Amino acid sequence: MDLLRSYSSDSEQEKDNEISDLDDYNMEKIMPGSKVQKTSEDMAMVHVHESSNDSQLRVPEEILKFDPASHHAESFRRQFGQSDSSGELEAVYYSKISARSKLSEGKRITRPPTATTRNPRETLQAEHVTSDVDVFASTPEAICSAGNAKSEGKLRNLPKKRYLQLSDHKSKVNRMDWIRPQGQLLASASMDGTVCVWDPFIRKTCVQIFGGHSSAVREAKWSLSGDKILSCSYDKTVKLWDVQTGKEVASFVHPGYVTAIEFHPTQNFSFISGCFTSQISGWDLRCNKATNQYSGTEGHVQDLEFLPDGSEFLSATAIVRRSAYEKAMMAWDFRTTAVMSHQIFQEPYTCTSLKVHPHEGQFIAQTHGNYIAIFSSRRPYKLNKYRRFEGSHQVSGYPLSCSIRADGLVVGSGSADGCISFYDYFSGKTAACVESAHAGPSTDVQFHPVLSSTVASCGWDGVVALWK
């Protein structure tokens with residue numbers, strides 16, 4: 001996998017040594033176990049290398065109003081280094097696979113046929129690129145040339161125009177996620193039952209499609225190593241995919257619609273999942289089974305977000321009755337499953353998205369009150385009553401997400417009217433707003449992990465767009 005490195009242009013010998021070190025780098029491999037089935041009714045079942053044959057599930061209309069997404073913003077200081085005396089920052093990449101991953105002229109990517117049925121599984125299942133095409137062919141150097149890698153720390157570097165429009169999805173797009181730390185690939189989850197992997201910089205097309213789900217996909221997340229993608233769906237499963245081969249590695253069966261997933265920030269073999277039935281589970285990919293159950297939530301899970309050290313995580317759930325507002329957002333101990341706090345957010349609004357700030361010891365939450373709230377990520381997780389982000393976006397009950405730029409200066413949000421809004425993190429004021437970005441609700445906005453002026457957005461018009 002590609003590794004991000006900073007270096008001094010005056011030290012060529014040091015650069016050679018670093019490249020040599022990369023050749024010895026061995027990626028951690030996930031070793032799926034054999035078929036395991038839990039006997040307890042409270043524990044989910046796991047099936048490895050087994051695709052679901054269930055018929056198409058009908059997605060209840062009320063579920064469409066809630067759609068979570070979460071992903072940690074990578075540390076800005078880990079991604080950039082001081083490059084010269086003038087203080088300009090530049091991102092320099094080394095690619096472990098660049099020597100073997102040059103896309104040959106004339107190689108074609110297998111595309112799914114035009115959908116002629118209402119069941120997306122009939123046309124999109126098991127479609128992926130041909131084996132002779134390297135998904136990771138785009139080199140990080142090319143990404144730098146496609147964007148502005150020296151614009152960090154400047155609030156004014158916000159998107160102004162659409163750079164690329166990708167329209168391969170056949171239905172609404174729920175969430176997106178950039179591969180870290182280089183950001184050369186983008187994954188998107190859609191109501192058409194597929195997860196698409198895009199190369200938006202070089203090939204500017206879809207390079208991989210995962211169509212194994214039998215119903216709408218709520219969310220897709222990259223693993224820490226970048227060679228796997230985790231997806232959750234209304235078909236009551238979470239699936240682990242090999243990005244290069246397009247094959248399903250493991251399938252984890254749940255008791256209800258799976259509405260949120262999140263990888264552990266430091267353990268590549270651990271993740272958590274949340275269900276429409278309010279169940280939250282912790283999973284270990286080394287044995288492919290659920291290792292923890294987190295009890296005490298009310299309402300279906302909207303979003304999950306780890307705090308930076310991974311010892312605790314946050315959950316946001318839908319309010320099922322007015323007297324249960326104190327459990328709308330909870331903090332958990334990841335190892336012991338203990339509830340650290342259940343009175344974080346005491347306002348009568350559902351939170352649909354959680355995002356941790358990369359530097360400030362805070363996290364933000366998108367609420368159905370048409371504003372984004374700010375909380376401390378340290379106990380007792382106090383709400384900031386003096387600053388919040390509102391004014392240029394409307395939630396209106398839709399499952400909208402929010403994100404924070406890698407330098408921590410800007411907050412981005414989708415909107416029910418199709419706009420994408422940007423706020424100054426420290427003043428709370430609107431920094432910019434792109435009108436009519438999508439022909440319908442814009443459900444997610446994700447900042448590129450390296451290029452500060454590049455943003456990806458998606459919406460219920462089925463479009464994934466890049467702005468810069």
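None of the values given here were measured: they were computed from a predicted structure.
- Scanning all heavy atoms of the two residues, the minimum distance from C433 to C419 falls at SG-CB, 4.0 Å.
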*side-chain contact (heavy atoms from CB on, under 4.5 Å) between F263 and L285: does it pass, once the steps are laid out?*
CA-CA 11 Å; F263 269 110; L285 293 173; 4.1 Å; yes
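- The shortest distance between side-chain heavy atoms of L185 and D199 falls below 4.5 Å.
- Taking the charged nitrogens against the carboxylate oxygens, R175 and E219 have no contact shorter than 4.0 Å, which rules out a salt bridge.
- Between the side chain of E305 and the main chain of V356, a donor-acceptor pair closer than 3.5 Å is present.
- A donor-acceptor pair under 3.5 Å is absent between the side-chain atoms of S415 and the main chain of G418, judged by distance alone.
- Between the S353 side chain and the D303 main chain, no donor and acceptor come within less than 3.5 Å of each other.
- Atom CZ of residue F210 and atom NZ of residue K247 lie 12.5 Å apart, to the nearest 0.5 angstrom.
- Remark: side-chain polar atoms of D192 are paired, donor with acceptor, to backbone N or O of K170 under 3.5 angstrom.
- Between the OG atom in S421 and the CG atom in L400 there is a gap of 10.0 Å [rounded to 0.5 Å].
- Using a 4.5 Å heavy-atom threshold, the side chains of T337 and Q293 count as separate.
- With hydrogens and angles ignored, the 3.5 Å screen pairs a side-chain donor or acceptor of S233 with a backbone N or O of S215.
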*Please lay out, stage by stage, how Q244 and D227 fare under the test side-chain contact (heavy atoms from CB on, under 4.5 Å).*
CA-CA 7 Å; Q244 182 62 52; D227 62 338; over 6 Å; no
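- Counting only distance, with no hydrogens or angles, the side chain of D444 and the backbone of M176 share a donor-acceptor pair below 3.5 Å.
- Interatomic distance, CH2 of W198 versus CG of L166, reported as 5.0 Å (0.5 Å rounding).
- With D177 contributing its side chain and W222 its backbone, the two residues share a donor-acceptor pair below 3.5 Å.
- Annotation: the span from Y257 atom OH to Y234 atom OH amounts to 9.0 Å, rounded to 0.5 Å.
- To the nearest 0.5 Å, the span separating CG on D242 from CD on E248 amounts to 11.5 Å.
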*Starting from the C-alpha separation in whole Å, work towards a yes-or-no answer on side-chain contact (heavy atoms from CB on, under 4.5 Å) for V238 and F271.*
CA-CA 11 Å; V238 172; F271 74 92; 4.0 Å; yes
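- Contact check for P399 versus W460: side-chain heavy atoms found under the 4.5 Å cut-off.
- With sequence neighbours excluded, the residues satisfying salt bridge (Lys or Arg N to Asp or Glu O under 4.0 Å) with D284 are R286.
- With contacts defined as side-chain heavy-atom distances shorter than 4.5 Å, the pair I202/Q184 does not qualify.
- Under the 3.5 Å distance criterion, the side-chain polar atoms of S442 are left unmatched by any main-chain donor or acceptor of C458.
- Using a 30° and 60° split on the angle between ring planes, H264 and F334 fall in the tilted class, from 30° to 60°.
- A side-chain contact (heavy atoms from CB on, under 4.5 Å) with V455 is found for exactly one of V410, V445, L158, V434, namely V445.
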*Stepwise, does the side-chain contact (heavy atoms from CB on, under 4.5 Å) test hold for T367 with V395?*
CA-CA 8 Å; T367 76; V395 180; 5.9 Å; no
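- Between the side chains of K239 and S251, at least one donor N or O lies within less than 3.5 Å of an accepting N or O.
- Judged by distance alone, with hydrogens and angles left aside, the side-chain atoms of S377 form no donor-acceptor pair with the main-chain N or O of F363 at under 3.5 Å.
- Note that OG of S457 is 7.0 Å distant from CZ of R162, once rounded to the nearest 0.5 Å.
- Side-chain contact check for S231 and H213: at least one donor-acceptor pair (N or O, by modelled atom type) lies under 3.5 Å.
- Note: H448 and F201 meet the aromatic proximity criterion, with ring centroids under 6.0 Å apart.
- Each of E360, Q362, R405, H357 was scored for a side-chain hydrogen bond (donor to acceptor under 3.5 Å, both in side chains) with Y425, with one residue passing: Q362.
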*Show the numbers, then the answer: is there a side chain to side chain donor-acceptor pair (under 3.5 Å) between S171 and H169?*
CA-CA 6 Å; S171 186; H169 281 299; over 6 Å; no
